[in-house]
Amino acid sequence: MKKIEELQSYLKEKNFSQLFLLVDSNTSQHCMPILLEKIDEITDRQATLLEIPADEGHKTLKTAEDIINSLMESKADRNSCLISLGGGMIMDLGGFVASIYKRGIQNINVPTTLLSMVDAAIGGKTAVNHSDIKNIIGTFNFQSEVFVDTEFLNTLTNEQIKDGVAEMLKTFLVADENLCETLLSTPISKETLSTLITPCAEIKERIVSQDPYDSGIRKKLNFGHTLGHAVEVFYNLSHGHSVAIGMYYALGKSVQYCNFPIEKAEKIKQFILANYEIPPYEKDMPQLVSLMRQDKKNEQGKISFILLEDIGQSCLCSIDGDLI
């Protein structure tokens with residue numbers, strides 16, 4: 001992960017044949033002016049703008065096809081570069097397109113949300129949704145470079161900041177108790193959280209470097225995501241909010257199945273309750289279970305959960321009963 005100031009020299013050094021800037025309707029209005037003010041190279045090289053609607057419902061194969069058609073119309077070759085400017089949806093979609101167009105072109109991630117700065121922009125995972133299943137079609141794309149600027153945080157609402165906090169909490173819960181304690185005691189604001197972005201990103205980068213293809217230690221970064229992805233689709237909630245709900249649920253199961261210290265679980269659950277609304281998911285569990293059964297992490301017909309034995313100590317647990 002590099003600072004945005006390094007992007008200008010990076011683009012000059014690489015001398016790409018063409019530049020393409022992928023945005024959604026929100027980042028086009030609020031974030032693109034910030035980027036263009038700082039990076040003359042994008043304007044001077046007359047980067048081609050590719051804009052899609054700011055809606056998770058457009059993270060589909062159809063949208064990916066539309067972007068590919070635009071690249072083809074512009075005669076983009078394998079030395080072209082796609083710059084993805086936005087949140088998690090743009091990171092996933094841009095990385096996916098870049099990994100499959102002509103078997104791969106360079107992709108630069110410029111995350112504009114807290115969530116994408118600490119999670120979605122890092123690690124090479126790309127994906128689109130299909131048939132109401134989150135991220136069911138995707139690739140690994142390790143060509144991406146990431147450039148970060150905390151000025152983009154000024155464009156976010158408090159709810160969008162909280163989305164990022166959920167992913168930060170997840171990362172610290174599975175990897176670092178001291179940073180977890182710091183986050184739990186830090187007032188949620190753009191100013192106070194900015195100092196935690198780099199250590200959070202570094203944790204994910206370290207885990208990914210040990211297990212790039214998600215076959216071992218990297219799986220712990222899915223804590224809260226099994227129920228979280230189902231909740232996101234069923235209730236049409238934001239990703240971060242949904243992960244917070246998934247962690248709330250998984251903490252209870254961690255106490256039940258893995259002897260996670262109940263005092264710690266209650267403290268974390270109170271933090272979640274103070275910042276995120278928890279829907280009555282117990283009554284909707286049959287429908288949520290149906291969605292969870294489609295999760296790509298499942299094995300042998302059982303639903304797989306990442307649970308915690310303690311902060312920084314995770315385990316993979318397959319549960320097929322007592323899901324409430």
Side-chain angles (χ1 to χ4, degrees), residues 1-24 27-28 30-52 67-68 70-71 74-126 139-155 164 194-195 197-209 212:
M1 189 171 72
K2 302 179 174 74
K3 293 183 179 180
I4 196 71
E5 289 77 13
E6 299 176 71
L7 178 54
Q8 179 84 356
S9 58
Y10 180 84
L11 291 173
K12 286 185 177 179
E13 175 190 336
K14 292 297 183 180
N15 193 30
F16 296 110
S17 58
Q18 292 186 73
L19 298 178
F20 295 86
L21 182 60
L22 178 64
V23 297
D24 63 32
T27 52
S28 174
H30 300 293
C31 301
M32 189 167 65
I34 297 173
L35 179 67
L36 297 181
E37 184 178 333
K38 296 186 176 186
I39 311 300
D40 294 337
E41 187 74 3
I42 296 175
T43 304
D44 295 344
R45 293 281 302 282
Q46 296 182 329
T48 302
L49 183 65
L50 306 173
E51 183 173 333
I52 65 172
I67 296 170
I68 288 170
S70 295
L71 293 173
S74 296
K75 296 181 171 56
D77 60 24
R78 294 190 68 182
N79 193 40
S80 300
C81 178
L82 180 65
I83 303 170
S84 300
L85 176 71
M89 181 185 74
I90 291 292
M91 300 294 103
D92 285 351
L93 193 54
F96 178 69
V97 168
S99 72
I100 62 174
Y101 180 72
K102 296 198 172 183
R103 295 197 178 99
I105 62 174
Q106 181 71 27
N107 176 223
I108 291 174
N109 286 333
V110 183
T112 60
T113 64
L114 180 60
L115 187 152
S116 57
M117 289 178 189
V118 300
D119 187 64
I122 305 165
K125 281 186 178 181
T126 80
T139 64
F140 288 95
N141 178 8
F142 297 110
Q143 297 187 63
S144 301
E145 293 284 350
V146 182
F147 294 86
V148 172
D149 187 352
T150 56
E151 185 176 342
F152 291 123
L153 298 181
N154 295 326
T155 69
S194 60
T195 59
I197 292 174
T198 297
C200 188
E202 288 174 345
I203 289 172
K204 182 167 184 181
E205 288 172 340
R206 184 171 68 247
I207 293 171
V208 169
S209 69

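Treat the numbers as computed from the prediction; the structure is a model and nothing was measured. The basis for the numbers below is simple: all heavy atoms, side chains too, and nothing from hydrogens, waters or symmetry mates.
- In terms of modelled atom types and a separation under 3.5 Å, the side chain of Gln8 and the main chain of Glu41 share a donor-acceptor contact.
- No side-chain donor-acceptor contact under 3.5 Å links Thr155 to the backbone of Cys31.
- Across all non-hydrogen atoms, the minimal contact from Ser116 to Met91 is CB-CG, 4.0 Å.
- Partners of Phe147 under the ring-ring contact (aromatic ring centres under 6.0 Å, His included) rule, at least two apart in sequence or in another chain, are Tyr10.
- Within the structure, the side chain to side chain donor-acceptor pair (under 3.5 Å) test picks out the following pairs touching residues 30-40 (sequence neighbours left out): Lys38-Asp149, Lys38-Glu151.
- Under the side chain to side chain contact (heavy atoms under 4.5 Å, CB included) test applied with Phe20, the options Ile67, Leu50, Ile105, Val97 reduce to a single match, Leu50.
- A 4.5 Å side-chain heavy-atom check between Leu21 and Leu19 finds every atom pair outside the cut-off.
- Contact annotation: the side chain of Ile52 approaches that of Leu93 to within less than 4.5 Å [non-hydrogen atoms, C-beta and beyond].
- When the side chain to side chain donor-acceptor pair (under 3.5 Å) test is applied to Ser194, no partner is found at least two apart in sequence or on another chain.
- Residues satisfying the salt bridge (charged side-chain N to carboxylate O under 4.0 Å, His left out) test with Glu51, not counting sequence neighbours, are none.
- Residues in residues 4-23 take part in no salt bridge (Lys or Arg N to Asp or Glu O under 4.0 Å) pair, two or more places apart or across chains.
- Pairs engaging residues 78-105 under the salt bridge (Lys or Arg N to Asp or Glu O under 4.0 Å) rule: Lys59-Asp92 [sequence neighbours left out].
- If you check the side chains of Asn141 and Thr126, you find no donor sitting under 3.5 Å from an acceptor.
- In the model, Asn107 has a side-chain atom that pairs as donor or acceptor with a side-chain atom of Ser84 under 3.5 Å.
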